[in-house]
2 protein chains.
Amino acid sequence: MRQRDENKIQGIREKAIEMITNEGLENFGINKLAKAAGVSPATIYIYYKDKDDLITQISVDEGMRMCAAILEGFDPEMTFEEGLWIQWKNRAKYSLNNQEGASFYEQLRNSTYREKMVKAIHDEMGKKAGPFMKNAIERGEINDITIEVFWSVAIAPLYSLVRFHQEGHCFKDRIFVFSEKIMKETFDYVIKALKK
Amino acid sequence: MRQRDENKIQGIREKAIEMITNEGLENFGINKLAKAAGVSPATIYIYYKDKDDLITQISVDEGMRMCAAILEGFDPEMTFEEGLWIQWKNRAKYSLNNQEGASFYEQLRNSTYREKMVKAIHDEMGKKAGPFMKNAIERGEINDITIEVFWSVAIAPLYSLVRFHQEGHCFKDRIFVFSEKIMKETFDYVIKALKK
DNA sequence: TTTTTAAATGAGCGAACGCTCACTTATCTT
DNA sequence: AAGATAAGTGAGCGTTCGCTCATTTAAAAA
């Protein structure tokens, strides 16, 4: 039998992310995607049940890629400061090297697809981030806090920084540019907040 | 001449927010909106140039309402801690009393409408938040930092907390519930991070 | 009361939508 | 070489989309 053309599948995936990022989820359509990816509309339905399934699958897939990128070289047994810093660096690297994927993920995380895409990612992250936080508390490095407060203080600031960069945020004619120096400065505030 | 029915205009606005929040921007349509609001599709075009204009106008409007809510009782001359705490309380109150508006705002802020809606809001907030930060630096309450780092450390954690609440975030069968106690706990970390 | 003005309408246009089906193409097994 | 299987296609279906227009309705101006 004839075998699948992996280039075709990847092409569909990449064009979908590109189109949703640049034109928005509300302007995304199967006929347009088929034309952009150079395939027949019917081909898309070989790989995806329907439009909803396509968006959901690609969302989860991109989320998993982000998770894998963030956790690269990370170990829950690491020191609190060391482990958190690795996650920060990884997350920044992912966004900078994969702008479209990062914007796509952020747009869908704030859409009605959130519920469909978040569970798998949440489980994947929780598997390592949960023990990491627990270890840091048991070792007496940080106070005993709930995971949501931890995330809000330790991770949210980084996401915010990355977003300012991606948006090309402008304040008084000065465009914000992300840098390791800025990231380290922000990281130091976070460490100061959480370390006993 | 006949005068405009303000209830009709408000009805269109509210139904639009309701529909976009619950069904997503990608499933939002003028014909559906007209039916839901109990008006003719043609009526909508008396008030809005086209679909894009409707979404943009309602986005900016909701953003301005949020700004006004956040800055209620706030003064840039306030102490750093006092001023920041008021903004936190106001922002939390806005989200809790106006869940649909808050979700709507968040969804559009992460869509391709971001550029169209953000400028007016950014200006409105910057007018008071800029001097506030500057005062706090001049008084020696906090270090001299760029506005993006400030926002990421001082405000982003609150947005994150509110979002966990709105999403009904769940970790190990425990649903996260926002409370003043949790907010104060998080706020204290932020103050510890930023205060000299 | 009549005239004037703009709000408000419902039917419906052309275009675009998600999706399907009869069919062709490529590669496997025999 | 022939048969089997699944990948891949393009035309086009029924539906919904954004939007318009001829018309009606209500209230201000005369």
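Throughout, a chain's letter reflects where its sequence line sits, starting with A, and its residues are numbered from 1.
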Taking only residues two or more places apart in sequence, or in another chain, which ones meet B:K195 in a side-chain hydrogen bond (donor to acceptor under 3.5 Å, both in side chains)?
-> B:E81
Within the side chain of B:D75, is there an N or O that forms a donor-acceptor pair under 3.5 Å with the backbone of B:E77?
-> yes
B:H169 ring center near B:F176 ring center (under 6.0 Å) = no
Take the angle between the ring planes of A:H165 and A:F178 and call it parallel below 30°, perpendicular above 60°, tilted in between.
-> perpendicular
Is it true that the side chains of B:Y113 and B:D52 contain a donor and an acceptor less than 3.5 Å apart?
-> yes
For residues 98-115 of chain A, the salt bridge (charged side-chain N to carboxylate O under 4.0 Å, His left out) pairs (sequence neighbours left out) are A:R109-B:E167
Is the backbone N or O of A:E18 less than 3.5 Å from a side-chain atom of A:N22, with the two atoms forming a donor-acceptor pair by type?
-> yes
Check DNA chain D for consecutive Watson-Crick or G-U pairs with both distances under 3.5 Å and list the runs of at least three as stems.
-> C:3-30 with D:1-28
Assign a letter to each nucleotide of nucleotides 23-30 of chain C from its 5' end: B, base within under 4.0 Å of a protein heavy atom; S, sugar-phosphate only; -, no contact.
-> --BBBB--
Side-chain donor-acceptor pair under 3.5 Å between B:E26 and A:T112, yes or no?
-> yes
Mind checking which nucleotides bracket the chain A contacts on DNA chain D, 5' to 3', with an atom under 4.0 Å from a heavy atom?
-> D:dT5 to D:dG10
Under a 4.0 Å heavy-atom cut-off, which of residues 19-47 of chain B touch DNA chain D?
-> B:F28, B:G29, B:I30, B:N31, B:K32, B:P41, B:A42, B:Y45
Provide, to the nearest angstrom, the distance between the CD1 atom belonging to A:I55 and the P atom belonging to C:dC17.
-> 13 Å
Answer yes or no: is there a donor N or O on one side and an acceptor on the other, between the side chain of A:T79 and the main chain of A:E82, under 3.5 Å?
-> no
Verify whether the ring centers belonging to B:Y159 and B:W151 lie closer than 6.0 Å.
-> yes
Can A:E141 and A:N135 be counted as having a side-chain donor-acceptor contact under 3.5 angstrom?
-> no
Just how far is it from atom CE of B:M117 to atom OH of B:Y105, taken to the nearest 0.5 Å?
-> 5.0 Å
